[in-house]
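To start, the structure under review is shown below, and the notes come after it.
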Amino acid sequence: MPHLEIDGAVKRYAGKTVLHGIDLALGQGEFVSLLGPSGCGKTTLLRIVAGFERPDGGRVVLAGADITDRPAARRNMGMVFQAYSLFPNMTAEENVRFGLKVRRETPAAQQARAAELLALVGLAEHARKYPHQLSGGQQQRVALARALAIRPALLLLDEPLSALDAKVRVQLRDEIRRIQQETGVTTLFVTHDQEEALSISDRVVVMQEGRIAQAGTPAEIYGEPANIFVARFVGAAAELRGRVRDAEAGLVELCGRAVPAVRARGLTTGAEVHVLLRPETVRLGPPGAAEALLEGVVASRVFFGALTSIRIEIDGGFSLAAAMPSAEAGAVAQGSRVSVWWDGEAPRVLAAE
Amino acid sequence: MKGALGRLLPEAWLGLLGLYFIVPLLATGAFSLWEGGSRYGFAAYVALFHQPKLWQSLFLSVRLAVETILLGLVVLVPAVFWLNLRVPRLRPVFDFISVLPFVVPPIALVAGMTALYTGPDWLVGTPNYLVIPYVILALPYTYRALDLGMRVLDLRTMTEASQSLGAGWGTLIFRVVVPNLTTALVGAALLTIAIVMGEFTFANILLFNTFAVYINYIGQTSATQASALTLLSFLITWLAMLGVLVSGRGGRSVQIGGAR
């Protein structure tokens with residue numbers, strides 16, 4: 001039995017439907033991310049689970065109990081918000097104790113639990129500080145400790161990292177994952193940042209205009225995008241228009257040349273398709289290389305540290321990017337001619353709309 | 001030469017402005033000490049402080065100020081809370097209503113009130129009746145102080161955070177909202193005191209002997225005592241204003257979030 005089950009959740013605002021019957025189940029201890037651009041309904045779905053919004057249809061079931069009509073205060077869910085949400089009149093420790101105080105736990109139990117949680121988030125020595133004395137990252141850690149202190153049935157994270165600067169964001173992201181694995185709390189995480197979602201989750205749910213576009217492991221979402229929206233939203237990919245040359249053999253036609261694409265098998269020969277190529281699957285070599293599928297000219301190079309991104313104008317009008325280790329990229333000069341190839345397993349082939 | 005003059009100009013201007021405020025006060029103070037001829041002393045103050053009517057009117061005004069603060073906060077705190085939390089789109093309506101007391105002259109308000117001069121005995125016919133117009137008069141200040149305090153607090157996030165931790169409305173209001181609004185509440189209260197202590201029109205027309213009415217009465221009977229009383233009333237208002245300024249600098253209570 002799933003720990004949390006969202007069953008046909010529908011939400012409308014002023015006649016506009018923002019959630020079209022979402023079905024989603026979370027297993028015990030699972031970390032699931034809701035990923036999508038702003039306005040896709042991910043936050044609305046989270047708020048329905050939290051009890052801050054009432055669905056216009058469908059239900060929310062937690063550990064077998066229908067909680068659709070249960071007020072937020074009685075759902076026992078810990079939540080970390082995008083905005084800094086610590087109570088400004090209370091110290092870090094008092095903030096963490098708040099939920100336990102509401103539950104009338106003994107002062108000794110409150111204190112012990114607060115100390116335990118502040119240690120877990122690495123802020124034991126900041127217990128007596130007020131929120132305005134803490135940095136943004138520290139405030140979000142205290143908020144996480146506060147949400148976990150009540151031993152929540154579910155942890156809800158509403159873009160908790162988006163207000164932080166890049167370095168702190170990565171640190172706290174890794175820490176959230178560590179803490180989630182240590183505590184084993186079932187977690188629903190909302191983000192618009194695909195890197196965040198891919199790196200932290202057991203499962204990623206990509207949302208588009210109030211519907212689930214695809215749900216799967218990070219590797220599935222990245223490697224096997226179900227449609228062009230997911231492919232565009234998650235990771236970078238060159239998007240080439242072509243047609244199936246030979247469905248049986250797994251060949252597609254790009255720029256008048258037949259190139260291997262195993263995933264074209266099973267489609268109809270002659271069908272228009274999108275061929276998606278992740279930069280890291282594209283190989284480059286000197287012109288006339290034996291493996292060459294296409295040839296082109298190096299249009300630009302962008303150095304990213306470990307990797308260098310190389311943009312190639314393919315003869316015939318396409319442009320695609322290749323990512324290669326910077327140590328090897330030195331040989332590929334801007335303006336030089338190169339041959340391009342990839343493994344037949346690499347391209348993702350999607351029927352054109 | 002010109003540079004030095006340019007630098008001195010702001011100070012000179014401030015100094016002139018200061019004189020504009022301070023000279024009448026000093027003159028009033030000096031006049032309140034005048035005992036006729038070339039004699040100066042505290043006779044006016046002594047005579048004043050021996051009049052039971054002064055104390056009665058002062059206590060009445062203080063009592064009305066306290067009642068006005070309580071009624072104002074009981075009505076406004078939930079209203080502004082609700083405005084910020086649930087119906088922010090009604091803010092223009094609230095803003096408009098809050099400035100009505102500036103637009104409607106007190107004399108028109110009091111005429112309306114006398115026309116509606118009905119109600120229970122403990123209200124009508126006692127000075128308590130004044131609390132109603134006083135709440136209205138103080139509305140522009142109290143509403144704005146509370147609204148600002150709640151806007152700074154990010155009420156919606158605070159509410160949802162406390163609800164998700166299991167808190168009910170009572171816990172939310174008394175443990176989270178009110179403690180974080182002390183600056184706003186003190187500001188609203190002190191502004192109300194300043195207004196009630198100086199209000200004349202309503203009390204005079206409805207025939208209640210408040211502090212301001214008493215100042216007016218004294219002014220018609222003894223000029224030096226009136227000066228002394230004016231200074232006293234100025235002092236009360238001024239202390240209330242100082243309180244607003246000092247409490248506004250408290251810092252922590254309105255401070256939220258943000259990296260330091």
Side-chain angles (χ1 to χ4, degrees), chain A residues 46-47 49-53 71-91 94-105 129-140 142-143 146-156 158 163-165 168, chain B residues 73 77 80-82 84-90 145-188 247-260:
Chain A
L46 186 89
R47 293 175 60 79
V49 173
F52 298 137
E53 303 276 355
R74 294 202 289 113
R75 291 192 179 198
N76 196 34
M77 294 180 184
M79 183 152 173
V80 182
F81 298 81
Q82 180 175 6
Y84 299 127
S85 63
L86 296 184
F87 305 128
N89 58 317
M90 300 179 199
T91 62
E94 287 163 351
N95 265 283
V96 178
R97 288 172 70 156
F98 183 85
L100 305 171
K101 215 170 182 175
V102 169
R103 284 166 175 71
R104 299 182 197 286
E105 292 196 13
K129 287 192 179 164
Y130 284 92
H132 71 92
Q133 296 169 310
L134 299 169
S135 71
Q138 289 172 330
Q139 288 190 50
Q140 290 302 66
V142 176
R146 182 177 69 177
L148 289 170
I150 59 172
R151 297 177 183 84
L154 195 66
L155 178 64
L156 303 173
D158 183 12
L164 306 175
D165 54 46
V168 179
Chain B
L73 293 184
V77 169
V80 179
F81 180 75
W82 206 246
N84 274 280
L85 192 61
R86 289 290 156 88
V87 285
R89 69 199 138 80
L90 288 187
L146 288 175
D147 185 45
L148 189 68
M150 292 202 197
R151 269 204 259 185
V152 169
L153 191 57
D154 189 356
L155 211 53
R156 184 169 140 150
T157 306
M158 291 298 136
T159 303
E160 292 182 350
S162 77
Q163 283 182 342
S164 77
L165 292 165
W169 291 105
T171 310
L172 168 67
I173 289 177
F174 292 109
R175 287 216 199 132
V176 178
V177 177
V178 170
N180 283 303
L181 281 182
T182 42
T183 303
L185 292 173
V186 169
S247 70
R249 287 193 188 171
R252 203 197 84 201
S253 49
V254 288
Q255 195 73 250
I256 73 145
R260 284 292 180 93

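Naming convention: chains lettered A, B, ... in sequence-line order (proteins, then strands); numbering from 1 in each chain. Owing to the predicted nature of the structure, the values given are computational and were not obtained by experimental measurement.
Of the atoms belonging to Ser164(B), heavy atoms from both backbone and side chain fall under 4.5 Å from chain A. With a 4.5 Å cut-off on non-hydrogen atoms, Thr159(B) does not touch chain A at all. Residue Met77(A) touches chain B through its backbone alone, counting heavy-atom pairs closer than 4.5 Å. With a threshold of 4.5 angstrom between heavy atoms, Arg47(A) approaches chain B through side-chain atoms but not through N, CA, C or O. Contacts between Phe87(A) and chain B at a heavy-atom distance below 4.5 Å involve backbone atoms as well as side-chain atoms. With a threshold of 4.5 angstrom between heavy atoms, Ala83(A) approaches chain B through its backbone and through its side chain.
Your options are Gln82(A), Arg103(A), Lys101(A), Arg75(A), and the one with the most heavy-atom pairs under 4.5 Å with chain B is Arg103(A).
In terms of heavy-atom proximity, Val102(A) sits nearest to Gly166(B) at CG1-O, 3.2 Å. Val176(B) and Asn180(B) get closest at one heavy-atom pair: O-ND2, 2.7 Å.
Distance check: Glu105(A) CD to Arg97(A) CZ gives 10.5 Å after rounding to the nearest 0.5 Å. To the nearest 0.5 Å, the span separating CE on Met90(A) from CZ on Arg146(A) amounts to 8.5 Å. Atoms CG and CD1, on Asn76(A) and Ile150(A) in that order, are 5.0 Å from each other to the nearest 0.5 Å.
Side-chain contact between Asp158(A) and Val80(A): absent, with no pair of heavy atoms (C-beta onward) separated by less than 4.5 Å.
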